[in-house]
Amino acid sequence: MAYVNGRYMPMRNAVVHVEDRGYQFGDGVYEVCEVRGGELIDRRRHLARLKRSLDELRIRMPMSEAALGVVLREVVARNRIGYGTVYMQVTRGVARRDHAFPTTEVPPSLVVTGRVLNRARNETLAAKGVAVVSVPDDRWGRVDIKTIGLLPNVLARQTAIEKGAREAWLIAKDGTVTEGASSNAWIVTPAGSIVTHPADHTILSGITRAVLFEAIKGQGLTIEERPFTLNEAYAAREAFLTSASQIVVPVVTIDGRTVGDGKPGPIATGLRREFHRFAERG
Ligand code: PLP
């Protein structure tokens with residue numbers, strides 16, 4: 001079941017107008033929230049980031065955060081999601097195709113869908129660790145806004161899959177790793193400090209990333225928020241990626257080179273285990 005502009009309907013009937021600006025221009029934003037034990041994880045932070053993305057693009061919130069919370073919970077319930085994700089997308093709405101914003105007020109479009117994920121499969125993946133490959137970061141200059149315009153991310157992920165990897169790490173012109181195609185990127189240096197890119201305009205400031213900062217401090221570990229090079233990543237003791245749908249996943253190879261001893265490291269594994277003690281539920 002999906003929610004589409006005010007109505008709950010079966011997925012097969014869940015369609016949007018051909019002149020929706022999301023479809024025509026990618027003129028919209030989205031969020032993905034983890035569901036665990038049937039509860040939304042970090043809803044407050046995800047909705048705050050949704051509001052920020054919309055503000056940056058001058059699209060209004062389609063409804064209050066409280067009302068949107070009700071819709072999200074309804075989609076979770078109607079799809080009987082114990083463990084999975086909810087996806088929400090807001091676009092500038094339906095208007096005759098023209099690049100400039102509609103001149104008369106149109107309501108933003110809101111779509112919410114839910115997905116059940118296989119928990120055992122995700123745990124197995126995390127226990128084994130994943131491969132990543134590096135791909136040039138050729139995205140636009142405002143990837144801090146979570147827009148639905150994801151073509152470079154799509155192409156990067158496809159390259160990764162075709163090379164037998166799970167994720168692409170995006171490399172800026174100066175040789176530093178910005179983030180993954182749909183995740184944030186982290187390494188643990190040989191000296192044991194945890195490094196991730198600063199949350200500036202060149203990455204999406206992950207909610208999982210923000211919560212993990214608290215978990216890292218809670219464990220008395222050191223964080224360095226700075227860009228790191230691909231060469232530093234090759235030589236790292238551990239590497240991992242974070243996102244709301246995967247939480248913390250150890251990276252065991254980068255471009256086919258083994259990271260550390262080639263097994264998920266204790267820091268990534270420990271942070272994955274501890275994460276939900278620091279996340280908000282409900
Ligand atoms: N970076 C990009 C490009 C993403 O698409 C995502 C999530 O989809 C993330 C980072 C991780 O963000 P979050 O932890 O909020 O899911």
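In listed order, ligands and their atoms are each counted from 1. Just so you know, these numbers use all the heavy atoms, side chains as well, and skip hydrogens, waters and symmetry mates.
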Participant: Answer with yes or no after comparing the ring centroid distance for Phe25 and His99 against a 6.0 Å cut-off, counting only values under it.
Facilitator: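 Yes: the rings meet the under 6.0 Å criterion.
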Participant: Could you tell me whether Arg78 sits above the aromatic face of Tyr8, with NZ or CZ closer than 6.0 angstrom to the six-membered ring centre and within 45 degrees of the axis?
Facilitator: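 Verdict for Tyr8: a cation-pi partner in Arg78.
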Participant: Checking His276 against Glu34: is there a side-chain donor and acceptor pair closer than 3.5 Å?
Facilitator: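 Indeed, the side chains of Glu34 and His276 share at least one donor-acceptor pair under 3.5 Å.
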Participant: Residues in side chain to side chain donor-acceptor pair (under 3.5 Å) with Arg139, at least two apart?
Facilitator: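 Result, side chain to side chain donor-acceptor pair (under 3.5 Å) vs Arg139: Asp137, Glu179.
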Participant: One line per pair, note the atom names and distance for all nitrogen or oxygen contacts under 3.5 Å between ligand 1 and the protein.
Facilitator:
| from | atom 1 | to | atom 2 | distance (Å) |
| --- | --- | --- | --- | --- |
| ligand 1 | 1 (N) | Glu179 | OE1 | 2.6 |
| ligand 1 | 8 (O) | Lys146 | NZ | 2.9 |
| ligand 1 | 14 (O) | Ile207 | N | 3.4 |
| ligand 1 | 14 (O) | Thr208 | N | 3.0 |
| ligand 1 | 14 (O) | Thr208 | OG1 | 2.6 |
| ligand 1 | 15 (O) | Arg49 | NH1 | 2.9 |
| ligand 1 | 15 (O) | Arg49 | NH2 | 3.0 |
| ligand 1 | 15 (O) | Ile207 | N | 2.8 |
| ligand 1 | 16 (O) | Ala244 | N | 2.8 |

Participant: Would you verify whether the NZ or CZ of Arg36 falls within 45 degrees of the ring axis of Tyr83 while also being under 6.0 Å from that six-membered ring's centre?
Facilitator: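 No, Arg36 and Tyr83 do not form such a contact.
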Participant: Does any N or O in the side chain of Glu238 come within less than 3.5 Å of the main-chain N or O of Ile187, such that one atom is a donor and the other an acceptor?
Facilitator: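 Looks like no, no N/O pair under 3.5 Å.
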